[in-house]
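Reckoned from all heavy atoms, side chains included, excluding hydrogens, waters and symmetry mates. Note on naming: letters A, B, ... go to the chains in the order of the sequence lines (proteins, then strands), and numbering restarts at 1 for each one. Everything numeric in this text was worked out from a predicted model, so none of it was measured.
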Amino acid sequence: DAGVIQSPRHEVTEMGQEVTLRCKPISGHNSLFWYRQTMMRGLELLIYFNNNVPIDDSGMPEDRFSAKMPNASFSTLKIQPSEPRDSAVYFCASSFWGNYGYTFGSGTRLTVV
Amino acid sequence: AQTVTQSQPEMSVQEAETVTLSCTYDTSESDYYLFWYKQPPSRQMILVIRQEAYKQQNATENRFSVNFQKAAKSFSLKISDSQLGDAAMYFCAYRSGETSGSRLTFGEGTQLTVNP
């Protein structure tokens, strides 16, 4: 298994631009999570899905952030418009109900200038 | 809401020695899972060890073991025979067992340095 695949690995964009982060979970996993990691706030859960359905999006900071999971093998996190304070590492993780831990992707380092 | 606290921002250990990283958590639930994750400079989050709250026996994975004290809500990680490759940020995490597929709540992390 290739694990959780995230793309791109690095993204540099200008303020005001739209950014789309992508994630392919492990086949057979039914839960998918988007986390954001910063020095100031640590690891924060943004949103998670069970069986492609958003369960809790209370961590999404603003309406500028949106996430979709159109099928079991793909999810996106979109920021529109992006701002410098969105600069962070964004992780996607998947699990089978979470009982055996979550498998994380390699993360996307986003820099908004 | 559950909280996870790691009171040691930084720790260091000599190669081949043993080090213990501390973690406490706050919850009113009786069914839950606890995890330790390792994040090396590559930034990959790697699962080190997990513990089910209903199990009294402490989990062990090779050189890594935990001391799970349910009444005290404490979950420390012991690394024996430390190796240079163990240098990383270590995160303690909590997951409710009462809701399937629920979130992981992370502590602030402990940066471990291994000195040769």
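Remark: B:Phe64 CZ to B:Ser80 OG distance equals 9.0 Å, nearest 0.5 Å. Atom NZ of A:Lys24 and atom CG of A:Leu32 lie 11.5 Å apart (nearest 0.5 Å). A distance of 14.0 Å separates CE in A:Met40 from CZ in A:Arg85, rounded to the nearest 0.5 Å. Note: B:Lys73 NZ to B:Thr27 OG1 = 6.5 Å, rounded to the nearest 0.5 Å. A distance of 9.0 Å separates CG in B:Asp26 from OH in B:Tyr94, rounded to the nearest 0.5 Å. The CD atom of A:Glu44 lies 9.0 Å from the OH atom of A:Tyr90; values are rounded to the nearest 0.5 Å.
For A:Asn51, no part sits under 4.5 Å from any heavy atom of chain B, backbone or side chain. Heavy atoms of A:Gln37 lying under 4.5 Å from chain B belong exclusively to its side chain. Of the two parts of A:Leu45, only the side chain, counted from C-beta on, holds a non-hydrogen atom closer than 4.5 Å to a non-hydrogen atom of chain B.
By the neighbour-count criterion of 12 heavy atoms within 6.0 Å, atom CG of A:Asn71 is densely surrounded, having more than that number from other residues, nucleotides or ligands.
Between A:Tyr48 and A:Phe33, a ring centre-to-centre spacing shorter than 6.0 Å is recorded. Aromatic ring centres of B:Phe75 and B:Tyr25: separated by at least 6.0 Å.
For residues 36-43 of chain B, heavy-atom neighbours of chain A at less than 4.5 Å comprise B:Tyr37, B:Gln39, B:Ser42, B:Arg43, sorted by residue number. Interface residues of residues 106-113 of chain A toward chain B, defined by a heavy-atom distance below 4.5 Å and sorted by number: A:Ser106, A:Gly107, A:Thr108, A:Arg109.
Remark: the backbone N or O of B:Ala87 is not paired with any side-chain donor or acceptor of B:Gln83 at under 3.5 angstrom.
B:Val48 is not connected to B:Leu104 by any chain of hydrophobic side-chain contacts under 4.5 Å among Ile, Leu, Val, Met, Phe, Trp and Tyr, and they are in different clusters.
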